[in-house]
Trainee: 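Have a look at this one before I ask anything.
Counting convention: from 1, in listed order, for ligands and their atoms alike. When reading the values below, keep in mind they use all heavy atoms of this one structure, side chains included, and skip hydrogens, waters and symmetry mates.
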Amino acid sequence: MSMFQILFVTFLHYFSVSILAANTTYNVLSYGATANGKSDCTKAFEAAWGAACASSSPATIYVPRGRYILGNAYFDGSTCKNNAITIQIDGTLSAPSDYNAIGNNVHWLKFIRVTGVSIRGGTLDGLGPNLWACKASGKKCPQGATSLAFLNSNKLSINGLTSINSQMFHIVVHECRDANLQNIKIFAPDESPNTDGIHIGRSSGVSITNSRIATGDDCISVSPGTSNLFVQNVACGPGHGISIGSLG
Ligand SMILES: *[C@@H]1O[C@H](CO)[C@@H](O)[C@H](O)[C@H]1NC(C)=O
């Protein structure tokens with residue numbers, strides 16, 4: 001090999017390594033999260049999101065195994081430079097045990113104005129039973145929060161997520177374009193109030209496939225302004241079926 005060939009091969013090697021390294025991982029533990037089911041991890045998750053957003057190369061926010069308590073967490077994409085953020089969740093995200101902590105807000109985990117976000121795996125536990133018991137007692141209680149909401153967002157993917165016992169709706173996709181939901185599992189008891197599985201509103205290009213949804217209310221509900229919605233191989237029940245709001 002000539003010196004030139006050696007340099008060239010070295011260059012190729014470097015080039016491919018740097019391409020592989022371009023997907024940076026932001027581990028929530030490095031931002032102060034503790035997976036002990038006690039510490040509030042809201043700030044840590046929001047900080048990991050901020051760091052991933054500040055970079056324009058593909059990023060992975062990694063949530064290792066364990067139980068993380070989160071209050072209302074907002075993932076705002078308005079000033080995000082990144083359009084390829086994967087959130088790989090091997091653990092469980094749990095609402096705080098006091099339902100008032102999130103129950104007076106409409107959304108628990110809210111993504112707003114994001115582009116190119118993928119959620120892989122993970123379990124969300126809304127701890128709904130505490131709030132439902134309050135509602136059943138006739139006392140004055142908060143309305144309850146949707147567990148996971150994507151608002152005004154584009155190019156979304158949720159694959160392999162499990163959501164249990166949301167206080168209200170489990171997943172909401174509102175004013176979004178191009179959202180792909182697959183291998184989703186949603187569970188809440190038969191008699192739990194307003195625990196719709198997936199609610200779609202004012203969105204286009206949404207597909208929901210290969211999923212299992214068992215809740216106390218609608219499996220999938222669709223409100224006005226939605227077009228190009230594709231649903232295939234979704235098992236519904238107990239609870240209601242697929243309800244198409246003002247469409248017909
Ligand atoms: C970044 O890495 C994650 C985890 O391996 C992967 O799921 C994702 O597709 C990668 N993103 C890009 C843009 O390659």
Trainee: Determine whether the side chains of Tyr62 and Asp90 contain a donor N or O and an acceptor N or O closer than 3.5 Å.
Mentor: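 Side-chain D/A pair, Tyr62 to Asp90: present.
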
Trainee: What's the shortest heavy-atom distance between Cys219 and Val234, and which atoms?
Mentor: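 Taking every non-hydrogen atom into account, SG-CG1, 4.2 Å.
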
Trainee: Counting from 1, what ligand 1 atoms have a heavy atom of Thr86 closer than 4.0 Å?
Mentor: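 Answer, ordered by atom number: 7 (O), 8 (C).
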
Trainee: To the nearest 0.1 Å, how far is atom 10 (C) of ligand 1 from its closest protein heavy atom, and which atom is that?
Mentor: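 Ranking protein heavy atoms by distance from atom 10 (C) of ligand 1, first comes Asn23 ND2, 2.4 Å.
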
Trainee: When Arg67 is tested against each of Thr92, Thr34, Asp125 for side chain to side chain donor-acceptor pair (under 3.5 Å), which residue passes?
Mentor: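 The residue from Thr92, Thr34, Asp125 that satisfies side chain to side chain donor-acceptor pair (under 3.5 Å) with Arg67 turns out to be Asp125.
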
Trainee: Return a yes/no value: protein heavy atom under 4.0 Å from atom 7 (O) of ligand 1?
Mentor: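 Neighbour list for atom 7 (O) of ligand 1 includes protein heavy atoms (cut-off 4.0 Å).
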
Trainee: According to side-chain hydrogen bond (donor to acceptor under 3.5 Å, both in side chains), does anything in residues 164-173 pair up with another residue at least two apart or in another chain? List the pairs.
Mentor: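 For residues 164-173: Ser147-Ser166.
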
Trainee: Could you tell me which atoms of ligand 1, counted from 1 in the order shown, lie closer than 4.0 angstrom to a heavy atom of Pro58?
Mentor: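 Checking each atom against Pro58, I get 13 (C).
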
Trainee: I need the single residue from Ile171, Ile158, Leu109 that forms a side chain to side chain contact (heavy atoms under 4.5 Å, CB included) with Phe150. Which is it?
Mentor: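 Of the listed options, the one satisfying the test is Ile158.
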
Trainee: Looking at Thr60, which atoms of ligand 1 are within less than 4.0 Å of one of its heavy atoms?
Mentor: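 Under 4.0 Å from Thr60, ligand 1 has these atoms: 1 (C), 2 (O), 3 (C), 4 (C).
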
